[in-house]
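Computed from a predicted model, the values in this text were never measured in an experiment.
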Amino acid sequence: LNSVYRQKAEAIQEKKQSELLRNQLEISKLTGLYNKHAFYQNAENLMKSNPDEAYDIIVIDIEKFKIINDLFGMATGDDLLKRLARKLEELVEGKGIAGYRGADNFVICSEESCFYDVEAREREICEYMNEFPIDIKIQTCIGIYQVTDIDVPVSLMCDRAHMAAVSIKGNELKHYAYYDASMRQK
């Protein structure tokens, strides 16, 4: 009887260690979000498990993030990244997933309805970020790829959303853009 309990305890411990290892491999230590590769896999799984749902892949960059790191230090920059990660998790809760691609680059896979009013969402994110106690205005740059074919690799969808974001980077009047095929030609 003792050996049965010991075997069950060992199996439970092994399962916990396996989950811990999986989390270490899939979750960004800095942000607590999926890392790039885990995001790709989980986004694909999400879309394929709900093929009738319309999805967007959304890339979010913090404008002039390098300046924030230079002026206020990397620890402050890291705190700002963690803050944005929490906000993105809140925005997609129950409607999608969020990931961290590195530097100041975040990505979301969400039901289209989650960001139906991109301008309002962008404003909400910036207002939240500007509550952060530093003396600089924080602005985001958002690129959106509207998923039309769930068989396109998620990494490619993210690249296309990133192209849209790059197309308006530094533009003080426009803070989001939708991907269109003409962006590949540039």
Side-chain angles (χ1 to χ4, degrees), residues 23 26-40 42-43 46-47 50 53-147 154 157-179:
N23 279 345
E26 292 184 353
I27 304 297
S28 159
K29 287 181 184 176
L30 176 62
T31 64
L33 300 177
Y34 285 121
N35 66 32
K36 175 172 64 173
H37 299 292
F39 174 83
Y40 295 162
N42 284 283
L46 175 66
M47 290 186 284
N50 301 294
E53 186 68 54
Y55 286 95
D56 289 332
I57 297 289
I58 302 162
V59 167
I60 301 167
D61 288 341
I62 300 172
E63 288 273 17
K64 302 174 186 163
F65 184 71
K66 185 175 177 351
I67 293 171
I68 293 169
N69 268 344
D70 289 348
L71 290 176
F72 302 101
M74 290 185 70
T76 298
D78 288 352
D79 288 343
L80 189 62
L81 294 173
K82 292 174 193 173
R83 183 174 180 82
L84 180 54
R86 285 192 307 272
K87 183 63 176 177
L88 297 180
E89 279 184 313
E90 173 191 313
L91 289 175
V92 300
E93 188 175 354
K95 294 183 178 186
I97 60 170
Y100 177 62
R101 292 178 27 148
D104 65 331
N105 195 282
F106 291 83
V107 64
I108 290 172
C109 174
S110 71
E111 295 174 7
E112 200 174 57
S113 63
C114 187
F115 267 70
Y116 71 93
D117 186 348
V118 181
E119 195 168 317
R121 286 293 193 198
E122 190 272 338
R123 198 170 33 255
E124 179 183 351
I125 291 168
C126 287
E127 286 172 3
Y128 179 79
M129 296 301 290
N130 280 299
E131 292 172 4
F132 193 75
I134 58 174
D135 192 25
I136 192 168
K137 183 179 182 219
I138 299 165
Q139 192 61 56
T140 59
C141 181
I142 298 175
I144 302 137
Y145 174 78
Q146 295 176 303
V147 178
V154 174
M157 294 179 194
C158 291
D159 289 345
R160 290 175 176 173
H162 189 256
M163 278 186 228
V166 167
S167 77
I168 46 114
K169 199 135 179 111
N171 185 334
E172 292 294 322
L173 301 176
K174 190 170 183 182
H175 303 289
Y176 66 91
Y178 286 88
Y179 170 83

* Asked: Picking from Glu63, Glu122, Lys64, what satisfies side chain to side chain donor-acceptor pair (under 3.5 Å) with Gln139?
  ->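 The side chain to side chain donor-acceptor pair (under 3.5 Å) with Gln139 is passed solely by Glu122 among Glu63, Glu122, Lys64.
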Nearest 0.5 Å, please: how far is [atom2] in [Y] from [atom1] in [X]?
X	Y	atom1	atom2	result
Ile125	Leu88	CD1	CG	5.5 Å
Glu26	Asn42	CD	CG	6.0 Å
Ser167	His162	OG	NE2	10.5 Å
Asp79	Ile68	CG	CD1	12.0 Å
Tyr145	Met163	OH	CE	10.0 Å
Tyr176	Asn171	OH	CG	11.5 Å

*Expected output: side-chain Asn50 to main-chain Glu53 donor-acceptor under 3.5 Å*: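 A pair under 3.5 Å: no.
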Main-chain N/O of Asp61 paired with Asp104 side-chain donor or acceptor, under 3.5 Å: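 Between the backbone of Asp61 and the side chain of Asp104 there is no qualifying donor-acceptor contact (under 3.5 Å).
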Checklist line | Taking every non-hydrogen atom, the tightest pair across Ile134 and Thr76 | finding: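 Of all heavy-atom pairs spanning Ile134 and Thr76, the closest is CG2-CG2, 3.7 Å.
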| message | Quick check: closest heavy atoms across Ala161 and Val59, and the distance to 0.1 Å? | response |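 Heavy atoms of Ala161 and Val59 come nearest at CB-CG2, 3.6 Å.
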Less than 4.5 Å apart, side chain to side chain, heavy atoms only: is that true for [X] and [Y]?
X	Y	value
Phe39	Arg101	no
Phe65	Leu80	yes
Leu81	Ile62	yes
Tyr100	Lys82	no
Ile58	Val118	no
Tyr34	Ile27	yes
Glu131	Arg83	yes
Ile97	Leu33	no

Determine all donor-acceptor pairs shorter than 3.5 Å in which one atom belongs to a side chain in residues 106-116; sequence neighbours excluded.
none

Would you say NZ of Lys174 has more than 12 non-hydrogen atoms from neighbouring residues, nucleotides or ligands within 6.0 angstrom?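 Open.
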Under the side-chain hydrogen bond (donor to acceptor under 3.5 Å, both in side chains) rule, collect the residues that match up with Lys87, sequence neighbours excluded.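 Scan of Lys87 (side-chain hydrogen bond (donor to acceptor under 3.5 Å, both in side chains), adjacent residues dropped) gives Glu90, Glu124.
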